[in-house]
Amino acid sequence: MKIAVLTSGGDAPGMNAAIRAIVRTGIAEGHEMFGIMDGYRGLLEDRFIPLAAKDVSGMLSIGGTKLGTARVSEFKEVPVQMVAIDNLRNRGIDALIVIGGDGSYRGAQALHELEFQTIAIPGTIDNDVYGTDYTIGFHTALNTIVEAIDKLRDTSSSHRRCSIIEVMGRTSGDLALYAGICGGAEFIITPENPINKDKLISTLKKHNEEGRRHAIIVVTEQQFDVHKLAAEISIKSGFSSRATVLGYIQRGGTPIAEDRILASRMGAFAVEMLAKGVSGQCVGIKDDKLVTSPLSDIINHPKERVELYDLIKKLR
Ligand SMILES: Nc1ncnc2c1ncn2[C@@H]1O[C@H](COP(=O)(O)OP(=O)(O)OP(=O)(O)O)[C@@H](O)[C@H]1O
Ligand SMILES: O=P(O)(O)OC[C@H]1O[C@](O)(CO)[C@@H](O)[C@@H]1O
Ligand SMILES: [Mg+2]
């Protein structure tokens with residue numbers, strides 16, 4: 001087979017490890033392998049590159065994606081998707097692997113519906129993809145956030161301050177939730193667990209009166225203005241507060257071992273599934289086993305984390 005791979009949406013640590021596994025597995029199994037530059041953008045602009053085993057040397061430990069990535073809003077339109085199909089067919093490509101998040105999955109599903117053999121791999125720091133326990137990049141980003149929280153606690157407790165830390169995740173609270181548990185946060189505010197401001201302020205007031213030296217609040221991005229919240233907490237609870245927005249630092253960096261293994265396993269598995277004729281499916285890991293699920297079931301299916309949110313209340 002001729003198999004092409006692209007990375008799409010926000011880059012995630014471990015995407016390169018997945019590309020390497022795809023290329024090396026593909027070649028070992030007698031396929032011809034191609035990379036497409038800059039996600040769906042390069043697919044539309046016919047930017048394919050042949051990939052030999054040596055071309056993916058030294059990639060395992062490098063963050064970001066060597067194939068580049070993009071957000072291409074017009075890819076939602078069927079005539080635009082048809083251009084992509086034409087480019088793939090004109091090059092004689094038999095199958096496509098898309099590495100990305102929930103948005104990229106929608107593009108992959110569209111290509112499958114247009115009868116092009118397509119399979120997707122979850123590559124996003126957000127961990128917002130149903131059908132897998134974890135996405136490639138999530139654990140590395142989580143480690144980066146936990147390191148930041150540990151540092152912020154040092155300075156917060158030195159000054160007796162409350163520290164608000166805004167993390168990424170878009171509509172998913174997983175990064176905030178997991179990082180909050182690892183960092184011993186008093187409060188974790190996410191789209192799934194919105195703020196009760198009165199309760200937050202009264203609890204912080206109590207903690208301040210008890211003489212606690214610090215408080216940590218982890219918040220998913222786009223919930224509210226964290227700097228304004230810090231000012232309000234300082235005034236109303238008496239616990240002096242500061243906010244830190246971690247931003248793009250969370251997306252970069254060398255993938256940790258967990259993401260390298262996950263990416264290597266998923267990449268090799270995706271090639272094997274394509275050779276079996278699988279299409280319109282995404283690869284996932286569940287209870288440490290590689291699985292596939294239909295893309296049509298995965299899209300728009302939120303993850304539930306009730307048990308972990310209950311845990312925070314006990315540990316506060
Ligand atoms: N409904 C859709 N139909 C076809 N293609 C889509 C659709 N939604 C998104 N895409 C394509 O997927 C690309 C990536 O989507 P998006 O920006 O949501 O990132 P993602 O894959 O979810 O990754 P991340 O959330 O980690 O950044 C979009 O720029 C677009 O090209
Ligand atoms: O790089 P951009 O387009 O600003 O996207 C930022 C978004 O990408 C992510 O980092 C990954 O999806 C989100 O957490 C964040 O909302
Ligand atoms: Mg997404």
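Computation of the quantities below employed the complete heavy-atom set of this structure, encompassing side-chain atoms and omitting hydrogens, waters and symmetry-equivalent molecules. Numbering of ligands and ligand atoms starts at 1, following listing order. In this chain, numbering begins with 1 at the start of the sequence shown.
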Salt-bridge test for [X] and [Y]: reply yes if a basic N is under 4.0 Å from a carboxylate O, no otherwise.
X	Y	answer
E272	K276	no
K151	D154	no
K205	E209	yes

Quiz item: Can you list, by chain and residue number, every protein residue with a non-hydrogen atom closer than 4.0 Å to ligand 1?
Solution: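 These residues qualify: S8, G9, G10, Y40, R71, V72, F75, K76, Q81, G101, D102, G103, S104, R106, G107, T124, D126, R170.
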Quiz item: Rounded to the nearest 0.5 Å, how far apart are CG of D126 and OG1 of T171?
Solution: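 So the gap between those two atoms works out to 7.5 Å.
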Quiz item: How far does CG of L204 sit from CD1 of I233, to the nearest 0.5 angstrom?
Solution: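 L204 CG to I233 CD1: 5.5 Å, rounded to 0.5 Å.
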Quiz item: ligand 2: which residues have a non-hydrogen atom closer than 4.0 Å?
Solution: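 If the criterion is a heavy atom under 4.0 Å, then ligand 2 touches R71, I125, D126, M168, G169, R170, E221, Y248, R251.
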Exercise. Around the Mg ion (ligand 3), list the protein N/O/S atoms within a radius below 2.8 Å, excluding water molecules.
Key: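 Only D102 OD1 fall inside 2.8 Å of the Mg ion (ligand 3).
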Quiz prompt | Residues clustering with I249 (ILVMFWY side chains joined when closer than 4.5 Å, directly or via others) | solution =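 Joined to I249, directly or through intermediates: none.
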Quiz item: What do you reckon, is CD of E115 surrounded by more than 12 foreign heavy atoms closer than 6.0 Å?
Solution: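 Atom CD in E115 is not packed in, count stays at 12 or less.
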Quiz item: Please walk me through it: do D55 and K66 pass salt bridge (Lys or Arg N to Asp or Glu O under 4.0 Å)?
Solution: CA-CA 11 Å; D55 296 327; K66 288 272 188 183; over 6 Å; no
Quiz item: Run the side-chain contact (heavy atoms from CB on, under 4.5 Å) check on K286 and K289 step by step: do they pass?
Solution: CA-CA 5 Å; K286 287 198 166 169; K289 293 210 167 36; 5.8 Å; no
Practice problem: From the options N16, T140, T254, select the one residue that forms a side-chain hydrogen bond (donor to acceptor under 3.5 Å, both in side chains) with R260. | Solution: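 Only one option passes, and that is T254.
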Quiz item: Can you say whether the rings of Y40 and F75 are parallel (under 30°), tilted (30 to 60°) or perpendicular (over 60°)?
Solution: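 Ring orientation, 0 to 90° scale: parallel.
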Quiz item: According to the interplanar angle, ranging from 0 to 90°, do the rings of Y134 and Y178 count as parallel (below 30°), tilted (30 to 60°) or perpendicular (above 60°)?
Solution: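 Perpendicular.
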Quiz item: Can you check salt bridge (Lys or Arg N to Asp or Glu O under 4.0 Å) on R47 and D38, steps first, answer last?
Solution: CA-CA 8 Å; R47 288 190 277 126; D38 300 328; 2.9 Å; yes
